[in-house]
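A short write-up of the structure that comes next.
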Amino acid sequence: MDITTVTSFRAARSRADLALAPGEAFMAGGTWLLSEPQPSTTGFVDLTAMGWPDIEVVDAGLRIGATCTIATLLDWARGAAAASAHPAATGRWARADALPPVPEAWRAVALVEPAANALLASFKIWSTATVGGNLCQSFAAGSMISLAVALDGVAVVWQPDGAERRMPVAELPAGNGANALARGEVLRAIEIPAHALRSEARLQKIALAELGRSGAVITGRVDEDGAATFGVTAATITPRVLRFAALPSTEELRERVEGLDGYYSDPLGAEDWRRGVSAVLAERIRSQLQESIAGRADAAAAGDAATTGVAAASPVDPSAVSARPAVPSDGADAASPAPSDDGSARA
Amino acid sequence: MRLEINGVPTEVDPAPGQVLRTLLREQGRMDVKRGCDAGDCGACSVLLDGRPVHSCIIPAQRLDGASVTTAAGLAPEGELHPVQQALADGFGFQCGYCTPGMSVTASTLCEHDLDDLDRKLKGNLCRCTGYRPIREAIRSTLTSASTSGCGPTNAGAPRPAPPASGADRTDSAASTTPIAAGSDRSADEVTGAGARGAAEVGAGAGGAAPAGLSPSTSHGVGTSARPEAATRIVQGLEPFAFDEPVPGALFLRVLGSPHPHARILSIDTSDALAIEGVVDVLTHEHAPATRFSTARHEHRTDDPDDTRVLDDTVRFVGQRVAAVVAETVAAAEAALRAIRVEYEVLPSVLDPEAARAPGAPLLHPLRTPDDRVAEAGRNVVAALHDGHGDAAAALAASHATVSGTWRTSRVTHAQLETHGSVGWLDEAGRLVIRSSTQVPFLTRDELCHVFGLERENVRVTANRIGGGFGGKQEIFTEDLVTLAVLRTGRPVAYEFSRTEQFQRASVRHPMRISVELGADAQGRLTAMRVDLLSDTGAYGNHAIGVMFHSLAESTTIYRVPAKRLDAEAVYTNNVPSGAFRGYGLGQVILGVESAMDLLAERLGIDPFELRRINMVREGDPLHPDADKYEEDLVWGSYGLDQCLDLAESALRRGNGVEAPSGWAVGEGMAASMIATMAPRGHIARTSVSLRPDGRLLLRVGTAEFGNGTSTVLRQIAATDLLAAPERIELWSADTDAVEHDTGAFASAGITVAGKALHAACLSLAERMRTIAAGLAGADAASARLTADGVLVGERVVGFAEIVAAAPPEQLDDAGLTADGSELGDIRSLAFNVHAVRVAVDPETGTVRVLQSIQSADAGFLMNPAQVRGQVEGGTAQGIGSALYEEVLIDDGGRVQNPVFRTYRVPQSADVPDTEVYFAETDDSVGPFGAKSMSESPYNPVAPAIGNAIARALGARPYHQPFTRERVWRVAQSR
């Protein structure tokens, strides 16, 4: 909608341009800013002109520019398939720089797709809406937050005085639709550490309609060292992170998820339901992770056997690598061999 | 800055906060619609540098060098994109307001997207169709061999021309190819292959046309004639209310009350008036004292006079406090912020039960029964206490009794086109209002009543309407526009925002329905008791009619020896309730049909069988106590028995869709009955004129809002006058067109307007034959209409000759004219049965409809594809009410979810295909044997789904919508 209170629109091209005048607000994609009246805003400062790189693959992991659109992140995550996904990358959508390849060991990049799908926003909005905008808007249902929280994402924040600070993305939302940034602070990038990107990760969402705005988005991952991390978003007013030394048991996980504070009621779901389905989705993820790890352990064992010229006569007995007697059926956990970074263990 | 719009270089200077959509419309691209203004509905979808975007949330400042393609630019001029062709030919729209945006999105899809089609469509809402024909159009386009390549259109490189077979059909009327019922794939799907009744529907439809039709009249009744506007609609070129700008029109914006109940002590408008561009600020001091109702009926005394254009007391959050009229939207909105209002906050009541309790705050204490407010001292607008026999005694003596209390919620109509009107004074000084209204005549009459104007000095007219569903059977904008035009003398436009639509229009009446049934051991009902509480909100628009209607066909559908009905409609400080598809029936049918399911469970009787045991049969009195009430209802036809059989056999057949593992599965059904017209008169005056060149001018008052009436009216003329579609012009929804029309509500398009026009057409045909016979010196009985004139013996008397020879009293400025009227004196009854098989995930409360079936008794099918569309669309809205939709109000009386991102209008993913079956009946009341079929498909859907959930879980949900939260709680509590 037209924002009639706005009387100026300026592109920020340098850090100096980021100084806000009274009444000015930063605009990334603008898809939320233009979706509601903004009675206290009189000017927009367009961050998309800053020219921040969208995707950088660095030693420490992944660096997503705050103005990277969801479509671009998805194109990158999909790898080569992106070329055919958007044959008409012309005009404003054309890229001067090629997106870097996705390192093969970063299997958690597979979370990008379900995270994008967890947005109520249609694929048409993904071309404009940005990852940083979704984070800074800090709606509980913002699934780019779910993605970043799932993977220990760190927000890189530019401060008005020229300094820079970092904070876990999990701490960026300060409420449903409120963030922890001070006025004048700008989210510059989101950094995802490599260890999290190498994890096995899952995301599940539920809403009051099949593709509706999320009532709960639950993530779970198991790192190479076996440590497990579960993220509860959308269901709680701000993100909650649960960490385990190893994949927890069904009972332990349910207890921890149900025991979280922060569940709330709004038109997207009632508190009791959010609590209940968060535990259900977390368990479904736990079960998937367990199965996947077991499968990878099997594949790794078979692969090892093959490379040493010894035929694997039968699948590895899962119980042989289980270290948690509480759940005998567990296929793998902290004790299972880590997949190799070259991706040979990918199913 | 410079950009290209549909290949045309355009220089623009957008405002800093402007979005692409308003920029495009400023440039005259009215094919880009405004539905939500927030990126949720997709009506504004365009291609930006080849990619689809929601243009309402794209900053215009970033558009330098951009290339934009709108729906009208998807194909070279005069042609359609293949998916537009498929949507136009396949009834992929009803009102057509979402269609241009849908076309744009659909044009970017590839075959690989079909696996994920629901997700691709989630950003394009359609409120009318239920999505099936849209999905089908997209699938057919992407899987047809003629399509080479797919995906977004490249900027500046328009798609190649569609295949010739499609291109030659883009010229709308001249070359349309109707979907002949019974002869092709579509008709098979209408009735279900192999289903009982399928062949007969086809044969009946084809065979209904009078014998001896020439090929040019194959667009007549009984065929699935293509809507005349189809080509324009898919391109966005059919104008809606705001698509023909009125030069110089001022913008009207409204300040709403922040309080649920308050007295306005003072309004200081001086700062607002000082803002440049502000022309006027309207408050209660400028408004007429006359009270009226926003609800419109044939008799204005059907509704309470409890509303002023602007009042000095506000009774719900969002109620109009003041209106600004300004030269720009920015000035108008700035002025709203500058108005200073001093309120005395009054006690408020939001709960309808509390509202009628002693000591409750009173909303309209000064209203009396003379104002049609029954008991203002208890906040009771209307009450009904009626019945026959001794229900209490009969219940006590019954072999089995069941009871329950069901609750329904507020639902918004969610027409993609919001309410709005634009008014001006014409050259003669006459007030003209163009509005998105279902009731132009009743609106004119009430504006005259409120403002003391003469009818001849007011004209109200409607373009095609972007969805109605009853919501536009109200005056929500026209009164303010009238006030503003009369004060300023300048054109004024008032277009609701989507949030206003939630806060300032109307919603479905939320009701509490308690039902008790008694039966003997064989399942025969012995008694029925219904206690109803209806929350009309702050005003009584439609409170009375909805309450009475809600208890009518919902309870008379069964033979019950003893019945007791108690009902009250009460005022609360909530957003007002109003007319909505089904007009109260859906709510009470939820209670009655769910109670019937309880009874079936209790007695171990199959639910279909229980209905057969108790259903009214043709000839039965609806009021066994010889009550004179509803004496105008007659058995013009009867198809409930067939509907039950058709739905049951389809359910037994199944559809092969399996439930996810671990989910519970249940089946449910419900039946419903509806009168084919509103009671106590529904009037249509129509005329048909033969022009000297052979063209026919049809003049009707009724409106087109996706109901398909405009198609059927043309079909009637085509059949009666043996006219090819290109000879037929339709002038409708205009108080200048005819003397009177009650309006497009109560499913009256065919049964009232159509019947009247049928009479006019037959009369014109008779006049044509008589005149031609006179000219040829032969007997009129030997004269026969043809495509070129009237054949008398060997001679064809041409149209010009006939008009020239017409007696003066049969001539008007159009030519030879005949009138036809329908007064709605006699009504018939129509039926629907819905059946579903659902899967329920007890862990999350998720409900998935695995099979959806509806059988309908619509009498003769005037346009089978359109009737099917009405059934599918009603089912989709029923699914919305059953599972998703609820306007939530917080403790302060504020709507909590006044936008589409928090209010769940069903998306494609939420609406499965529905199998549609039709009973074979021929109604003696309706034209050509047709009955109404617009509202009623909604009515049995929610109880069928609720009954299925109850059977799946072994525990029953009582609060509609059966959201995942509520179903989860039911599952947890087992």
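Lettering of chains follows the sequences in order, A, B, ..., and the numbering in each one begins at 1.
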[X] versus chain A, the contacting section by heavy-atom distance below 4.5 Å:
X	value
B/L121	neither
B/S45	side chain
B/R904	side chain
B/R969	side chain
B/D841	side chain
B/R337	side chain

Side-chain contact test, heavy atoms from C-beta onward, threshold under 4.5 Å: evaluate it for [X] versus [Y] and give yes or no.
X	Y	result
B/Q896	A/D266	no
A/R92	B/R62	yes
B/T108	A/K124	no
B/P59	A/L34	yes
B/P14	A/F9	no
B/V53	A/W126	no

_OG on A/S127 to NE2 on B/H54, rounded to 0.5 Å_ = 9.5 Å
_Pairwise distance OG1(A/T128) to CZ(B/R51) - rounded to 0.5 angstrom_ = 9.0 Å
Just so I understand: if I count every heavy-atom pair under 4.5 Å between each of [options] and chain A, which residue has the most?
options	result
B/I57, B/T844, B/T22	B/I57
B/R21, B/E843, B/Q18	B/E843
B/L48, B/D118, B/T499	B/L48

Which region of [X], side chain (C-beta onward) or backbone (N, CA, C, O), has a non-hydrogen atom less than 4.5 Å from a non-hydrogen atom of chain B, or is it both or neither?
X	answer
A/A207	backbone
A/A121	backbone
A/T31	both

_chain A contact residues among residues 326-334 of chain B, heavy-atom distance under 4.5 Å_ = B/V329, B/A330, B/E333
*Modelled atom types, side-chain donor and acceptor of A/S122 and B/R119, under 3.5 Å*: no
_Tell me whether A/E271 at atom CD has more than 12 heavy atoms from other residues, nucleotides or ligands lying less than 6.0 Å away._
yes
*Got more than 12 heavy atoms from elsewhere within 6.0 Å of CD, A/E255?*
no
*Look only at the side chain of B/N897 and the backbone of A/P267, and say whether a donor-acceptor pair between them is shorter than 3.5 Å.*
no
Looking at [options], which has the largest count of heavy-atom pairs under 4.5 Å with chain B?
options	value
A/T48, A/T41, A/I206, A/D272	A/D272
A/T4, A/L208, A/V280, A/L268	A/L208
A/D46, A/L33, A/N117	A/N117
A/I3, A/V277, A/D2	A/D2
A/R10, A/R284, A/Q38	A/R284
A/S35, A/A11, A/A270, A/P39	A/S35

*Indicate the atoms forming the closest heavy-atom contact of B/P52 with A/F123, along with that distance.*
CG-CE1, 3.8 Å
*Shortest non-hydrogen contact between B/G39 and A/I125, atoms and distance*: O-CD1, 3.2 Å
*Residue pair B/R901, A/W32: steps toward the side chain to side chain contact (heavy atoms under 4.5 Å, CB included) verdict*: CA-CA 11 Å; B/R901 66 188 56 167; A/W32 177 79; 3.6 Å; yes
*salt bridge (Lys or Arg N to Asp or Glu O under 4.0 Å) between A/E210 and B/K122, intermediate numbers included*: CA-CA 10 Å; A/E210 193 60 31; B/K122 77 175 176 182; over 6 Å; no
*Run the numbers on B/D40 and A/R213 for side chain to side chain contact (heavy atoms under 4.5 Å, CB included), then give the verdict.*
CA-CA 11 Å; B/D40 298 322; A/R213 201 175 192 194; over 6 Å; no
*Using ring-ring contact (aromatic ring centres under 6.0 Å, His included) as the criterion, list what pairs up with B/F900, not counting sequence neighbours.*
none
_Regarding A/R274 and B/E965, does a basic nitrogen lie under 4.0 Å from an acidic carboxylate oxygen?_
no
